[in-house]
Protein chains: 2
Amino acid sequence: MTNWAARLFARAIDRRVKEFGVSSGQMPVFFALGDGAALSQKALAAIASIEQPTMAATLSRMERDGMIERRPDPRDGRSQLVALTPEAMEKALKVKEAGMSVNAVALADLTEAEREQFLELLGKVITSLEKMLED
Amino acid sequence: MTNWAARLFARAIDRRVKEFGVSSGQMPVFFALGDGAALSQKALAAIASIEQPTMAATLSRMERDGMIERRPDPRDGRSQLVALTPEAMEKALKVKEAGMSVNAVALADLTEAEREQFLELLGKVITSLEKMLED
DNA sequence: TGTATATAGATAGCAAGCTATGCAAAAACG
DNA sequence: CGTTTTTGCATAGCTTGCTATCTATATACA
């Protein structure tokens with residue numbers, strides 16, 4: 001069921017941000033860099049809770065589509081700092097709004113108390129699964 | 001967060017069924033056909049709540065790995081009936097147990113009442129998202 | 001009966017996720 | 001100071017998911 005819900009979220013988001021040339025996997029990047037910040041690939045992967053190669057692929061697609069720029073990190077020769085391009089910055093607000101609006105629709109049938117409980121229980125499930133996967 | 005949880009579920013399942021040569025996307029097929037039933041590809045896709053081409057790809061991999069057989073449907077020349085092979089049937093019970101055990105671990109930190117509530121709220125979220133995607 | 005529509009699968013092409021592995025720069029340490 | 005270990009990223013190869021589109025068979029209807 002979580003898989004099902006996750007796919008529905010992704011489809012709903014994709015549908016709303018497609019007009020901006022954006023897709024659901026790029027949402028965490030927009031949320032992390034939408035204020036003009038420049039972060040390393042590793043930091044972005046950690047924020048999105050995905051593995052490094054997955055973030056690398058997402059950033060490659062975003063670079064291909066002119067949404068991000070990679071600049072060498074002056075403080076670390078291995079690292080690069082990723083930032084949104086000016087064109088992507090222009091879209092960032094609308095993209096973030098689309099994400100929040102899908103969230104709102106998904107939770108529309110829940111009371112405020114139910115929403116809190118849902119997030120809390122989902123958090124517990126995630127914690128349990130992460131603990132299981134640790135070893 | 002649902003995406004995160006779904007990925008953790010998939011990883012946990014993958015880890016447990018890998019020794020049988022099985023992966024998480026095949027779980028719904030094992031649950032649907034584990035009792036010896038033979039169903040059409042369309043029916044399997046509906047049960048798994050995935051699109052037909054996705055199920056087609058999963059079945060192709062399972063056929064490649066000797067887990068399923070496709071036989072022509074005597075009642076419909078377009079359709080094929082899919083069934084687990086005897087070798088897969090032997091694994092089916094353990095595979096299903098692995099799936100249920102991951103579920104159990106994921107819900108381990110929830111009380112019985114919380115589990116019910118969690119499933120109910122998740123169901124509401126799914127319903128809302130499906131309604132949004134209808135048009 | 002013959003044409004039009006609907007349905008079951010197949011295929012192509014893409015995104016997003018994973019693991020495993022390799023390389024080069026940085027950091028730690030004897 | 002040189003060697004070893006760690007760390008950041010790239011790459012390869014796979015699965016699972018999607019949409020769009022095609023073919024062939026069934027079904028409906030004029």
Side-chain angles (χ1 to χ4, degrees), chain A residues 2-18 21-29 39-46 48-65 67-68 70-82 129-130 133, chain B residues 2-18 21-29 38-46 48-65 67-68 70-82 129 133:
Chain A
T2 56
N3 177 276
W4 189 8
R7 281 157 32 218
L8 290 170
F9 266 110
R11 277 206 263 182
I13 290 172
D14 278 334
R15 201 174 283 191
R16 298 212 178 194
V17 297
K18 193 177 183 180
V22 174
S23 56
S24 57
Q26 304 172 354
M27 296 295 294
V29 178
L39 298 176
S40 71
Q41 188 179 107
K42 180 182 176 70
L44 288 170
S49 296
I50 60 179
E51 299 301 318
Q52 169 261 321
T54 303
M55 181 53 76
T58 294
L59 292 176
S60 288
R61 285 186 290 268
M62 293 183 75
E63 191 172 33
R64 177 197 65 194
D65 299 341
M67 293 184 206
I68 58 148
R70 295 161 135 140
R71 291 175 308 179
D73 184 340
R75 290 192 281 182
D76 189 332
R78 298 165 300 181
S79 179
Q80 292 180 320
L81 293 177
V82 177
L129 287 169
E130 285 207 309
L133 285 166
Chain B
T2 56
N3 178 275
W4 189 8
R7 281 157 32 218
L8 290 170
F9 265 111
R11 278 205 262 182
I13 290 171
D14 278 335
R15 201 173 284 192
R16 296 212 179 194
V17 297
K18 193 177 183 180
V22 174
S23 57
S24 57
Q26 304 172 352
M27 295 296 294
V29 179
L39 297 177
S40 72
Q41 186 178 108
K42 180 182 176 71
L44 288 170
S49 296
I50 60 178
E51 299 301 319
Q52 169 261 322
T54 302
M55 181 53 76
T58 294
L59 293 176
S60 287
R61 285 185 291 269
M62 293 183 76
E63 191 172 33
R64 177 198 66 193
D65 299 341
M67 293 183 207
I68 58 148
R70 296 161 134 140
R71 290 175 308 179
D73 183 340
R75 292 192 280 184
D76 189 332
R78 297 165 300 179
S79 180
Q80 292 179 322
L81 294 177
V82 177
L129 287 170
L133 286 166

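Sequence lines set the chain letters: A, B, ... in the order given, protein chains first and strands last, and positions in each chain run from 1. Keep in mind that what you see is a predicted model, and the values were worked out from it rather than measured.
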**OP:** Could you check how far CZ of B:R75 sits from C1' of C:dG9, rounded to whole Å?
**Re:** 18 Å

Original post:
Tell me: CG of A:L59 to C1' of C:dG17, nearest whole Å?
Top reply: 14 Å

Original post:
Does C:dC18 have OP1 or OP2 sitting under 4.0 Å from an N or O in the side chain of A:T54?
Top reply: yes

**OP:** Check step by step if side-chain contact (heavy atoms from CB on, under 4.5 Å) holds for B:R61 and B:S23.
**Re:** CA-CA 10 Å; B:R61 285 185 291 269; B:S23 57; over 6 Å; no

Original post:
Looking at side-chain heavy atoms only, is the closest gap between B:V82 and B:E63 below 4.5 Å?
Top reply: no

**OP:** Please name the pair of heavy atoms, one in B:P74 and one in B:L81, separated by the smallest distance, quoted to 0.1 Å.
**Re:** CD-CD1, 4.5 Å

**OP:** State which of D:dT16, C:dC18, D:dT6 makes the closest approach to the side chain of B:Q26.
**Re:** D:dT16

**OP:** Ignoring backbone atoms, establish whether B:R64 has a side-chain N or O less than 4.0 Å from OP1 or OP2 of D:dT15.
**Re:** yes

Original post:
Over how many whole Å does the gap from A:I50 atom CD1 to C:dT19 atom P extend?
Top reply: 12 Å

Original post:
For C:dA16, does either OP1 or OP2 sit under 4.0 Å from a side-chain N or O belonging to B:N3?
Top reply: no

Original post:
OP1, OP2 of C:dA15 versus side-chain N and O of A:T58: anything below 4.0 Å?
Top reply: no

Original post:
Starting at CE of A:M55 and ending at P of C:dA15, how long is that distance when rounded to a whole Å?
Top reply: 16 Å

**OP:** Check each residue of residues 7-14 of chain B for a non-hydrogen atom within less than 4.0 Å of any atom in DNA chain D, then write out the ones that pass by number, or none.
**Re:** none

**OP:** Tell me whether the OP1 or OP2 atom of C:dA16 has a side-chain N or O from A:R61 closer than 4.0 Å.
**Re:** yes

Subject >> N/O (side chain, A:S79) to phosphate O (OP1/OP2, D:dT7) under 4.0 Å >> reply: no

Original post:
Which pair of non-hydrogen atoms, one from A:A5 and one from B:L129, has the smallest distance, and what is that distance?
Top reply: O-CD1, 4.0 Å

Subject >> A:E51 CD to D:dC9 P, straight-line distance once rounded to whole Å >> reply: 14 Å

**OP:** Compute whether any side-chain donor of one residue and acceptor of the other, for B:Q52 and B:Q41, lie under 3.5 angstrom apart.
**Re:** yes

Original post:
If each of A:D65 and A:S49 is mapped to the nucleotide of DNA chain C with the nearest heavy atom, which maps nearer the 5' terminus, i.e. the 5' end?
Top reply: A:D65

Subject >> B:R7 side, atom CZ; A:T2 side, atom OG1 - distance, nearest 0.5 Å >> reply: 11.0 Å

**OP:** Provide the closest heavy-atom pair for A:D73 versus A:R75 in the form atom of the first, atom of the second, distance.
**Re:** OD1-N, 2.8 Å

Original post:
Which heavy-atom pair separates A:R70 from A:A56 by the least distance, and what is that distance?
Top reply: NH2-O, 3.9 Å

Original post:
Over how many whole Å does the gap from A:R78 atom CZ to D:dG8 atom C1' extend?
Top reply: 5 Å

**OP:** Would you mind reading off the distance between B:M67 atom CE and D:dT15 atom P, rounded to a whole angstrom?
**Re:** 10 Å

What N/O pairs connect the protein and nucleotides 10-13 of chain D at under 3.5 Å? Give each pair on its own line.
from	atom 1	to	atom 2	distance (Å)
D:dA10	OP2	A:Q41	NE2	2.8
D:dA10	N7	A:Q52	NE2	2.8
D:dA10	N6	A:Q52	OE1	3.2

Original post:
For the residue pair B:M55 and B:L44, what are the closest heavy atoms and their distance?
Top reply: CE-O, 3.5 Å

Original post:
Between D:dT25 atom C1' and B:K42 atom NZ, what is the distance in whole Å?
Top reply: 15 Å

Subject >> Nearest listed nucleotide, side chain of A:D76, among D:dG8, D:dA26, D:dT15 >> reply: D:dG8

Original post:
Closest heavy-atom contact between A:I68 and A:L59?
Top reply: CD1-O, 3.4 Å

